[in-house]
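Order of the sequence lines sets the chain letters (A, B, ...), proteins ahead of strands, with each chain counted from 1.
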Amino acid sequence: MLDMKYLRNNFDEVKSKLQNRGEDLSDLDKFGDLDSRRRELIAETEELKAKRNEVSKEISVLKREKKDADHMIKEMREVGERVKELDNELKEVEEQLETMLLSIPNIPHESVPVGEDEDDNMEARQWGDLPDFGFEAKPHWDLATELDILDFERASKVTGSRFVFYKGLGARLERALLNFMMDLHADEHGYQEMLPPYMVNRTAMTGTGQLPKFEEDAFRIADWDYFLVPTAEVPVTNYHREEILDAADLPKKYVAFSASFRSEAGSAGRDTRGLIRQHQFNKVELVQFCKPEESYDVLEELTANAEKVLQLLKLPYRVMSMCTGDLGFTAAKKYDIEVWLPSYNTYREISSCSNFEDFQARRAGIRFRREEKGKPEYVHTLNGSGLAIGRTVSAILENYQQENGSVIVPEVLRPYMGGKEVIK
RNA sequence: GGAGAAGUACCCAAGUGGCUGUAAGGGGGCGCACUCGAAAUGCGCUAGGGCGGGCAACCGUCGCGUGAGUUCGAAUCUCACCUUCUCCGCCA
């Protein structure tokens, strides 16, 4: 959510920056009228309330002295009715304003390339050499099915499409990766480990920006108004909702493992095979809360923390800086880390690292105090996958495959795999 | 799921419609005095925050779990909801 005062004072500038995102901004022009009507109503209603408070005190004095106060009571009854009318109108105006503000995307950072879609994203860097197989490489779903370590067919019987059973060394590989990633971020990168709830309420989903605009992307629990988490970002960021943090405790760094649930509305027919696009997948998520002046350094740090996983796994990747048209709703700046997938003959997103600045913090009321008597300020929030585990499994299977259909286990994972060196 | 109890400021806690209730009192914290220093003691300060107005000092308004309602006036009365706790049932 944007700062109302900032929007009021810099309306044209904000509007033109948001236009680079290519989103529908037709609501934005209503802001001026709603905002000034709101302030009018507040002034009027508060003046009446001040009067009512004052006269009520006088009434109490008169009553105590057993004097007549009927005319004052009658007058205040009318004032009370007027206050109620104004308050109702105010409430309506504020609801409209709130609805509008919650639907306005974040302002892109000045370093974000201006562009329309993914073709305009800019490559920030590349790491590792692409594998050179002396044979025809297989896609991970064929490899895994032949090795009997993933079972998509039975998952569709038990649940439906876009679900999977991991079996045997497949399950073991997933679990090894989860432990490897958690250990790396907790022990080496200084993040505090967390296992969050897999369901969150509507307020939490609104706090991080999934709602109100993107409800169709989430799974909602019938009768509960709870949502399956689309990412651990939601529970972990909302962990500090409506809190004022100590400046001395910043930056706060959390690494959380959770399953992630996405309805993938609108992606029918895309990535229908394999692990790439499932309704449920495991992910290790990095989340940071920091002071505003630090957040762009933190974004680089957090992205580097995620890259480290791929470097240790020796998987080739590149880092893309998302352009204004591909930023998503909430981010001010975003890097996607894309891993090389031989079956696609291209890089595919395996992590997304974003700086939200104070966009989420304002929605979720997450603030900090610089000094004891200081005014609270909004923190900046950031997060990034470190990494999506299912996609990491597919990258390992494809990049480490051998001609006979077996798969070498990356060295760093072997301690987590009971010393196993090959999946065959 | 059934029956009960509770939610007041950093913590504990008093407060059943106006009476310094302008949210008491205590703890903790901070400051000052005493002291070479400290302890002890004494004195003082200690809601925070949102919103509106103002260049500011400041003024106003809303805050006693949340939201509605009754009333000239609500922490206090009414209703709904949330959370926590106790007992019973069920359960990994």
Side-chain angles (χ1 to χ4, degrees), chain A residues 1-9 31-102 195-207 211 221-227 235 238-249 258-259 289 358-379:
Chain A
M1 190 157 66
L2 302 183
D3 180 359
M4 246 203 282
K5 283 177 191 157
Y6 187 84
L7 186 56
R8 183 184 306 149
N9 297 328
F31 174 78
D33 287 345
L34 285 171
D35 178 53
S36 51
R37 182 64 187 144
R38 166 171 176 271
R39 286 185 293 156
E40 259 171 43
L41 286 166
I42 286 172
E44 209 176 326
T45 191
E46 286 194 356
E47 196 182 318
L48 289 174
K49 283 174 184 172
K51 183 168 184 199
R52 182 176 63 183
N53 288 343
E54 196 185 319
V55 174
S56 288
K57 244 180 244 176
E58 286 171 29
I59 291 172
S60 109
V61 172
L62 289 177
K63 287 263 185 186
R64 216 175 310 144
E65 294 169 354
K66 308 266 192 239
K67 288 183 185 161
D68 176 61
D70 286 355
H71 64 290
M72 283 181 162
I73 289 176
K74 199 173 163 206
E75 196 192 338
M76 284 310 102
R77 189 175 302 152
E78 280 160 23
V79 168
E81 270 160 31
R82 182 68 185 141
V83 165
K84 200 173 287 181
E85 281 169 26
L86 291 172
D87 272 346
N88 282 338
E89 192 186 342
L90 178 61
K91 203 172 133 188
E92 213 170 284
V93 168
E94 289 195 321
E95 268 167 22
Q96 284 179 42
L97 204 50
E98 167 107 346
T99 304
M100 194 203 72
L101 283 171
L102 285 175
L195 297 176
Y198 286 11
M199 293 186 204
V200 293
N201 59 34
R202 186 171 285 274
T203 311
M205 288 286 275
T206 306
L211 296 182
I221 307 299
D223 304 329
W224 280 79
D225 212 28
Y226 287 174
F227 296 83
N238 280 282
Y239 182 74
H240 288 301
R241 181 154 54 81
E242 303 297 336
E243 288 184 19
I244 299 175
L245 307 171
D246 253 346
D249 295 337
S258 84
F289 302 80
D358 62 10
F359 188 83
Q360 293 182 325
R362 184 170 290 107
R363 288 172 163 249
I366 309 168
R367 294 174 293 171
F368 77 106
R369 226 189 285 274
R370 282 185 197 274
E371 49 205 51
E372 207 170 330
K373 295 283 171 199
K375 250 188 116 52
E377 299 169 49
Y378 288 108
V379 298

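- For the C1' atoms, the distance from B/rG25 to B/rC82 is 30 Å, rounded to whole Å.
- Put simply, A/N53 has a side-chain N or O that comes within less than 4.0 Å of OP1 or OP2 on B/rC62.
- Proximity of a side-chain donor or acceptor of A/R363 to a complementary backbone N or O of A/L102 within less than 3.5 Å is detected.
- The same atom, C1', is picked in B/rA47 and in B/rC10; the two are 10 Å apart, to the nearest Å.
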Encode nucleotides 45-53 of chain B as B, S and - characters from 5' to 3', where the letter depends on protein heavy atoms closer than 4.0 Å: B to the base, S only to sugar-phosphate, - to neither. ---SSSBSS
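- When the P atom is compared between B/rC91 and B/rU16, the two are found 45 Å apart, to the nearest whole Å.
- Among residues two or more places apart in sequence or in another chain, the ring-ring contact (aromatic ring centres under 6.0 Å, His included) test is passed with A/Y239 by A/Y254.
- A/F227 approaches A/I221 most closely through the heavy-atom pair N-CG1, 4.5 Å.
- Among A/K91, A/E92, A/E89, the single residue meeting the side chain to side chain contact (heavy atoms under 4.5 Å, CB included) criterion with A/L41 is A/E89.
- Of all the heavy atoms in A/N238 and A/G207, the pair that sits closest is OD1-CA, 4.1 Å.
- A gap of 15 Å separates the P atoms of B/rC12 and B/rC85, to the nearest Å.
- Between B/rG65 and B/rC43, the distance separating the two P atoms is 33 Å to the nearest Å.
- Contact record, A/Y378 with A/R362: CE2-CA, 3.5 Å, taken as the closest heavy-atom pair.
- Spacing of P atoms, B/rG69 relative to B/rU76, comes out at 14 Å, to the nearest Å.
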Walk me through whether A/E46 and A/K49 qualify under salt bridge (Lys or Arg N to Asp or Glu O under 4.0 Å). CA-CA 5 Å; A/E46 286 194 356; A/K49 283 174 184 172; over 6 Å; no
With B for base contact, S for sugar-phosphate-only contact and - for none (protein heavy atoms under 4.0 Å), nucleotides 63-72 of chain B reads -------S-B
What protein N or O atoms touch nucleotides 81-83 of chain B N or O atoms at under 3.5 angstrom, if any, and at what distances?
none

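- Under the side-chain contact (heavy atoms from CB on, under 4.5 Å) criterion, A/N88 pairs with A/K84, not counting sequence neighbours.
- Between A/D70 and A/K74 there is no salt bridge, since no side-chain N of the basic residue sits under 4.0 Å from a carboxylate O of the acidic one.
- No salt bridge links A/E54 with A/K57; every basic N to acidic carboxylate O contact stays at or beyond 4.0 Å.
- Nucleotides B/rC45 and B/rA9 place their C1' atoms 15 Å apart, quoted to the nearest Å.
- For B/rG63, the base is syn relative to its sugar; the glycosidic angle is within 90° of 0.
- In this structure, A/R38 and A/L90 approach most closely via the heavy-atom pair O-CD1, 3.7 Å.
- A pairwise comparison of heavy atoms in A/R52 and A/G80 identifies NH1-CA, 4.2 Å as the closest pair.
- Just one residue in the list A/D35, A/D3, A/L7, A/L34 forms a side chain to side chain contact (heavy atoms under 4.5 Å, CB included) with A/L101, and that residue is A/L7.
- Comparing the C1' positions of B/rU66 and B/rG50 gives a spacing of 16 Å, expressed to the nearest Å.
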Base-pair map of RNA chain B as dot-bracket, where | denotes pairing with a different strand and pairs are Watson-Crick or G-U under 3.5 Å: ((((((((.[[[..)..(......]]]((((((.......))))))..(((((....)))))..[[[[[..)....]]]]])))))))....
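- Proximity of a side-chain donor or acceptor of A/D246 to a complementary backbone N or O of A/A248 within less than 3.5 Å is not detected.
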